[in-house]
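Throughout, numbering of the chain's residues begins at 1 and tracks the sequence. Quick caveat: nothing in here was measured; it's all calculated off a predicted structure.
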Amino acid sequence: EKAGLKNKVIKSIRRIARRLPKTEKIYQVIILGAGSGGLMAGRYLKDALILDKKAKIGRPVRSGEGISCQALERLDIKPRRAWISASIDVVQRIAPNGKVFGRQQKDLGYIIDKTAFEKFLASQCKTEIRLRTEVVALEQKDNLWVVKTKNNKIFKSKYLIGADGVHSIVRRKIFKEPLDFLPAIQ
């Protein structure tokens with residue numbers, strides 16, 4: 001008799017709960033982009049959400065694959081064999097006329113497996129990561145960032161980090177800057 005009454009009460013509570021409006025989560029920070037920059041921010045933030053349209057962490061590789069020892073030290077990351085392909089022992093710059101300048105030697109850095117490195121960063125994130133989530137609209141409303149995705153999901157946060165690369169929706173929608181490419185030394 002008591003078990004039956006208990007089950008009826010539980011069912012009633014669940015029915016009432018389904019009718020109540022759902023409270024929406026307001027994140028402290030939304031990070032757009034699950035590449036190295038976005039994942040690095042995710043290592044330091046607890047109440048954050050990372051959104052990216054890609055299907056897998058580390059793919060596609062969209063940027064260089066070298067990192068300095070100094071950068072790893074500043075970020076408190078110990079080098080790991082799982083994502084190091086080779087050591088960088090010499091760096092030199094060669095001008096178009098063949099002149100060599102700026103030659104440096106000694107423990108300079110590493111050539112990394114970018115996919116493995118980003119998976120390592122993701123494993124250290126304190127944040128939720130949602131892949132296959134393409135952001136299509138951004139606006140600031142009532143002191144919150146409102147982020148709308150292609151599948152009509154809405155996320156809100158107090159702060160927004162644009163780490164979404166060269167074709168950044170943050171740059172296009174918020175700063176309204178055109179995309180200009182500049183020649184550079186590599």
query = If every non-hydrogen atom of V29 is compared with every non-hydrogen atom of S157, which pair is closest and at what distance?
reply =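 Looking at all heavy atoms of both residues, the closest pair is C-CB, 3.9 Å.
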request  = Looking only at non-hydrogen atoms, find the nearest pair between A34 and D52 and report the distance.
outcome  =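 Reported closest heavy-atom pair: N-OD2, 2.6 Å.
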Got a donor-acceptor contact below 3.5 angstrom from the [X] side chain to the [Y] backbone?
X: D164; Y: G33; value: no
X: T115; Y: G58; value: yes
X: T127; Y: C125; value: no
X: D142; Y: L144; value: no
X: R43; Y: L75; value: yes

task = May I have the step-by-step check of side chain to side chain contact (heavy atoms under 4.5 Å, CB included) for I174 and I169, ending in yes or no?
result = CA-CA 8 Å; I174 306 302; I169 190 169; over 6 Å; no
ask   = Cationic tip of K153 within the cone over F155's six-membered ring, i.e. under 6.0 Å and within 45° of the normal?
value =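 No; the conditions do not both hold, so K153 does not lie above the ring face of F155.
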Report, as yes or no, whether the 6.0 Å neighbourhood of atom [atom1] on [X] holds more than 12 heavy atoms from other residues, nucleotides or ligands.
X: Y44; atom1: OH; value: yes
X: D76; atom1: CG; value: no
X: E134; atom1: CD; value: yes
X: K119; atom1: NZ; value: no

request  = Quickly, which of L160, I154, L49 forms a side-chain contact (heavy atoms from CB on, under 4.5 Å) with V147? Name it, please.
outcome  =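 In the set L160, I154, L49, the residue that makes a side-chain contact (heavy atoms from CB on, under 4.5 Å) with V147 is L160.
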Side-chain contact test, heavy atoms from C-beta onward, threshold under 4.5 Å: evaluate it for [X] versus [Y] and give yes or no.
X: I30; Y: L51; answer: yes
X: Y110; Y: C69; answer: yes
X: L39; Y: I57; answer: yes

key: Electrostatic pair E118:K54 at N-O distance under 4.0 angstrom   =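 Counted as a salt bridge, because a side-chain N and a carboxylate O are separated by less than 4.0 Å.
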message = Tell me whether D47 is salt-bridged to K25, with the criterion being a basic N under 4.0 Å from an acidic carboxylate O.
response =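 Yes.
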request  = State whether a side-chain donor-acceptor pair under 3.5 Å links D89 with S87.
outcome  =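 On atom types as modelled, these side chains do not qualify, holding no pair under 3.5 Å.
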request  = Measure the NZ-CH2 distance between K141 and W145 for me, rounded to the nearest 0.5 Å.
outcome  =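 Nearest 0.5 Å value for the NZ-CH2 distance: 14.0 Å.
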request  = Using the rule that two of Ile, Leu, Val, Met, Phe, Trp, Tyr join whenever any of their side-chain heavy atoms come within less than 4.5 Å, decide whether I94 and I88 are in one cluster.
outcome  =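 In one cluster: no.
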query = According to the interplanar angle, ranging from 0 to 90°, do the rings of F120 and W83 count as parallel (below 30°), tilted (30 to 60°) or perpendicular (above 60°)?
reply =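 If you compare the ring of F120 with that of W83, the planes turn out tilted.
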